[in-house]
Trainee: 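Quick one: the structure is below, questions incoming.
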Amino acid sequence: MSDSEYGFLFKPNGNEEQGPSNSGEEIFSGDTVAQALARELGQNSLDAIATDGAWPVTMVFELHRMKVSDIPDVDNLKQHLHAACNRYPDSPRLQQAVSTLESEFVDVLRVGDYGTKGLSGSESIASKDSVLTALTRGSGVSVGKTDSGGSFGIGKSVGILSSLARVEFWTTRTPGSDETVFAGCAQLTTHQTPDSDDPRALLGPMGTYTRLSDKEDYHYLRGPAPLGPFPQRTEPGTDVYIVGYSAASDDPKLEQIRDAMIDNFMAAIMRGHLVVEGITDKGRGWRLDSGNLKRVIDMTPDPERRTVMQAFHNALLQPPIVKTDKRLLGEMKLYVNIDDSLPRKLDTIVMRKPLMKVRTYANTSITAKYAAVLECSSPRGNRILRGMEPVRHDDWQAARDKENGQAALRSIKKFILEELRKRVHRELGDEIIIKGLNTLLPSELQIDGNIDRHGVRATNGPGSERESASLQGRESAPEQVPNTGGKSVSITLTKPAVSDGSGGNVSTGRQRGGESKRGKHVAGIPGSGKTGDGNSVINGANLSMRYWFDAKSGSYILVLRSRTGETEKGTLRLTAALDGTFGNYTPPIEEASDISGAEPRPLKVQEGNISTVKVTGKHPTRLQVRIKGGIRLQLGVK
């Protein structure tokens, strides 16, 4: 693309000296390039939907190598860059920018959105409240985004942060217009005018791509030709071109971008609000939409990342717990996935109307493993919470809203904690606290790393001849164990379920499905069990189970999950270890019901088997099972 009338205009600097560092870029210094781009550009695109409710917005991340000579006004740009580097010769970023533009080819990332309204307004200095100006020349400006996600000026900064050449371009088109606008920006430093010998002839750090014949105002190019190998903008929306994409070598397939979009916009993708595509020189590499999101997550190669994504995806599939804060925030929804197969607690992600993750809240008083998502999308709640966010939109800070901030956070945290406790109690039963057990455990096994909570503090010192369970090295003063308020029981050791030596499998707790020969029954309870009723039998190896005895009802509560992720239905066959060994004993079941829903659903019991059981891959199934005589058994699934 070439047009001799247009180029980068750097205006006189005035009295300010700007070095290689840029305050806008520093905002994202704690993020990876992929995370910063995904969060900022993703929320800007969602905010710019062409018509309310006309989902989805589509975002395309496209990475290509192009000739440096195809960069608009590149020769003039090089002169200004050399001048900036001469003024700050020790700047690695400026040296890198020079090296990038002196090469033959450069990696360029295009981020385009569709189904959006483009950048409205005029680029003229006289134009007020112009979205076009806010993005292309603004810094931290939020024009027309009172209830939305980000700031257009911050969006410019993340593009410069990601550019080795410190240069980005835009094309944009608004609905109803047959005109595409082309703009560009270079963020350098205060530098001497390239063709001047006067050291006082200083230019400002920002160069704007405009018509060079008018030094007093700005006139952006209309009807541009395609930039390098990229498609021409012919429909409403906006393209951001990042020249010298800094993560190109580390992420040639844009998979880090893909994962960052899932991490930050999972809910928006699941609900069909957002579709994301990745394209490289090898063609279309990946796509994220509501139909294939789970498959993409399940194919993520990193097991840690995959587990976290799956946990929150499962949470968003659960029926939400809904509460209305009539005074302040309006409707709030909490999605909870409790799963003790998780490697650790994943806590609660919070978000508002744009459906972008803001931050994560932890609840140290909840010891169960879970992943949860809180959403507050009501108009009033969204306005209050947006006003409490810093420019990175990664926190809710009460101090930013003196009137409502503390009350809003208090309401949110109380809702999360209360509902998590209820859900944990319903699915896992009462938490048992064994008095004194904390003094028997090494400090590195303490939950949450909170040594004060468990009453044990390992201390290092020169050592002594005497050691105890709570001290390492020289003794220190004993510390009190706080009363955490749970149920207390005395420590009792029982014989574990073990094989009798026949080589058979043993099944207990979450590991079930095997059989081994049981020993003589010491309690004298007769075993039972006959041929089933002809219905399909659920394979115990496909289920995981937690259970406890509810003394109030005299029944067992069973919590079943599908290990395969598919729905398992049919006859459930329980077994029991009467003397520590699992065998063919079928417990004498008196009655059973499914209590997963609002109303119990009675289940048919025949010869100790429970029929018409259904366990889905989305959420756990809870059964209430009564065994004759109220006997206590160690249960498993055949």
Side-chain angles (χ1 to χ4, degrees), residues 22-32 35-44 46-47 134 138-158 161 260 263-268 312 323-335 345-366 372-420 448 450:
N22 180 276
S23 58
E25 298 175 48
E26 295 300 319
I27 293 171
F28 302 99
S29 59
D31 290 333
T32 65
Q35 279 283 347
L37 278 175
R39 285 180 60 84
E40 189 61 30
L41 300 187
Q43 67 178 345
N44 281 350
L46 286 172
D47 290 343
S139 179
V141 181
S142 289
V143 175
K145 296 168 71 80
T146 304
D147 296 335
S148 302
S151 302
F152 283 118
I154 298 300
K156 177 172 70 71
S157 295
V158 75
L161 170 69
D263 180 40
N264 289 283
F265 297 97
M266 181 182 293
F312 285 107
K323 178 183 178 181
T324 300
D325 181 351
K326 296 181 179 179
R327 187 181 74 84
L328 198 61
L329 294 172
E331 186 178 83
M332 296 183 290
K333 296 179 181 179
L334 183 66
Y335 303 81
K345 282 195 306 180
L346 299 178
D347 302 315
T348 304
I349 287 174
V350 296
M351 61 187 184
R352 53 185 182 83
K353 187 176 180 180
L355 300 183
M356 182 185 79
K357 179 176 74 174
V358 175
R359 60 160 297 173
T360 300
Y361 282 137
N363 289 100
T364 57
S365 62
I366 304 293
V373 178
L374 173 98
E375 175 191 352
C376 181
S377 294
S378 69
R380 177 172 171 77
N382 187 60
R383 284 195 299 272
I384 290 174
L385 294 174
R386 190 207 183 283
M388 294 165 58
E389 293 174 6
V391 291
R392 284 167 54 112
H393 302 281
D394 59 356
D395 197 8
W396 289 332
Q397 299 170 350
R400 291 178 174 271
D401 187 338
K402 302 295 184 182
E403 181 181 358
N404 302 308
Q406 289 187 356
L409 289 186
R410 187 163 52 246
S411 180
I412 287 170
K413 292 178 180 180
K414 181 180 179 182
F415 174 49
I416 293 173
L417 179 58
E418 288 180 348
E419 296 304 328
L420 283 176
D448 298 334
N450 187 343

Trainee: For K357, which residues count as a side-chain hydrogen bond (donor to acceptor under 3.5 Å, both in side chains) partner, sequence neighbours excluded?
Mentor: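 For K357 the side-chain hydrogen bond (donor to acceptor under 3.5 Å, both in side chains) partners, ignoring immediate neighbours, are D263.
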Trainee: Are I366 and L417 close enough, and set up right, to give a side chain to side chain contact (heavy atoms under 4.5 Å, CB included), and what steps lead you there?
Mentor: CA-CA 8 Å; I366 304 293; L417 179 58; 4.2 Å; yes
Trainee: Could you tell me which residues satisfy side chain to side chain contact (heavy atoms under 4.5 Å, CB included) with A38, sequence neighbours excluded, listed by chain and number?
Mentor: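 Checked A38 against side chain to side chain contact (heavy atoms under 4.5 Å, CB included); matches are A260, M261.
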Trainee: Atom CG of D394 and atom CE of M356: how far apart are they, to the nearest 0.5 Å?
Mentor: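 Interatomic distance, D394 CG to M356 CE, rounded to 0.5 Å: 8.5 Å.
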Trainee: Using only atom types and a distance under 3.5 Å, with no angle test, would you say the side chain of S378 pairs donor to acceptor with the backbone of L329?
Mentor: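 Checked: pair present.
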Trainee: Please table the atom pairs, donor to acceptor, closer than 3.5 Å between any side-chain atom in residues 402-409 and protein atoms at least two apart or in another chain.
Mentor:
none

Trainee: At what distance, to the nearest 0.5 angstrom, does NZ of K414 lie from CD of E419?
Mentor: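 One gets 11.0 Å once the value is rounded to the nearest 0.5 Å.
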Trainee: Looking at F312 and L346, what are the two nearest heavy atoms and their distance?
Mentor: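 Reported closest heavy-atom pair: CZ-O, 3.4 Å.
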Trainee: Give me the atom names and distance for the closest heavy-atom approach of L46 to P354.
Mentor: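 Smallest interatomic distance, heavy atoms only, reads CD1-O, 3.5 Å.
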Trainee: Could you report the tightest heavy-atom contact between T348 and L374, atom names first, then the distance?
Mentor: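 Closest approach of T348 to L374: CG2-N, 4.0 Å.
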Trainee: What distance do R39 atom CZ and N44 atom CG have between them, rounded to the nearest 0.5 Å?
Mentor: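 Here the rounded value is 12.0 Å.
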Trainee: Nearest 0.5 Å, please: how far is CD1 in I384 from CG in L328?
Mentor: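 Reported value, rounded in 0.5 Å steps: 4.0 Å.
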Trainee: Atom SG in C376, atom CZ in R352: separation rounded to 0.5 Å?
Mentor: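 One gets 9.5 Å once the value is rounded to the nearest 0.5 Å.
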Trainee: The criterion is side chain to side chain contact (heavy atoms under 4.5 Å, CB included); which residues satisfy it with K333, sequence neighbours excluded?
Mentor: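 Testing K333 for side chain to side chain contact (heavy atoms under 4.5 Å, CB included), a comparison that skips the adjacent residues, returns P320, V322, E331, Y335, E375.
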Trainee: Closer than 3.5 angstrom, by distance alone: can the side chain of R359 be matched with the main-chain N or O of V350 as a donor-acceptor pair?
Mentor: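 Here the side-chain-to-backbone pair does not exist.
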Trainee: Check for a donor-acceptor pair, side chain of N382 on one end and backbone N or O of K353 on the other, with a separation under 3.5 Å.
Mentor: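 Yes, N382 side chain to K353 backbone: donor-acceptor pair under 3.5 Å.
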Trainee: Applying side-chain hydrogen bond (donor to acceptor under 3.5 Å, both in side chains), can you list everything that pairs with S411, at least two apart in sequence or on another chain?
Mentor: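 By the side-chain hydrogen bond (donor to acceptor under 3.5 Å, both in side chains) rule, S411 matches D325.
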Trainee: Among residues at least two apart in sequence or on other chains, which ones pass side chain to side chain contact (heavy atoms under 4.5 Å, CB included) with Q397?
Mentor: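 Testing Q397 for side chain to side chain contact (heavy atoms under 4.5 Å, CB included), a comparison that skips the adjacent residues, returns P390, D395, R400.
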Trainee: What's the separation between atom CZ in F415 and atom CG in L420, rounded to the nearest 0.5 Å?
Mentor: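 Those atoms lie 9.5 Å apart.
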Trainee: Does W396 form a side chain to side chain contact (heavy atoms under 4.5 Å, CB included) with I412? I'd like the steps, not just the answer.
Mentor: CA-CA 11 Å; W396 289 332; I412 287 170; 3.8 Å; yes
Trainee: Let me see the working for H393 and V358 under side chain to side chain contact (heavy atoms under 4.5 Å, CB included), right down to the final yes or no.
Mentor: CA-CA 6 Å; H393 302 281; V358 175; 5.9 Å; no
Trainee: Checking K345 side chain against A362 main chain: does a donor-acceptor pair fall under 3.5 Å?
Mentor: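 No, K345 side chain to A362 backbone: no donor-acceptor pair under 3.5 Å.
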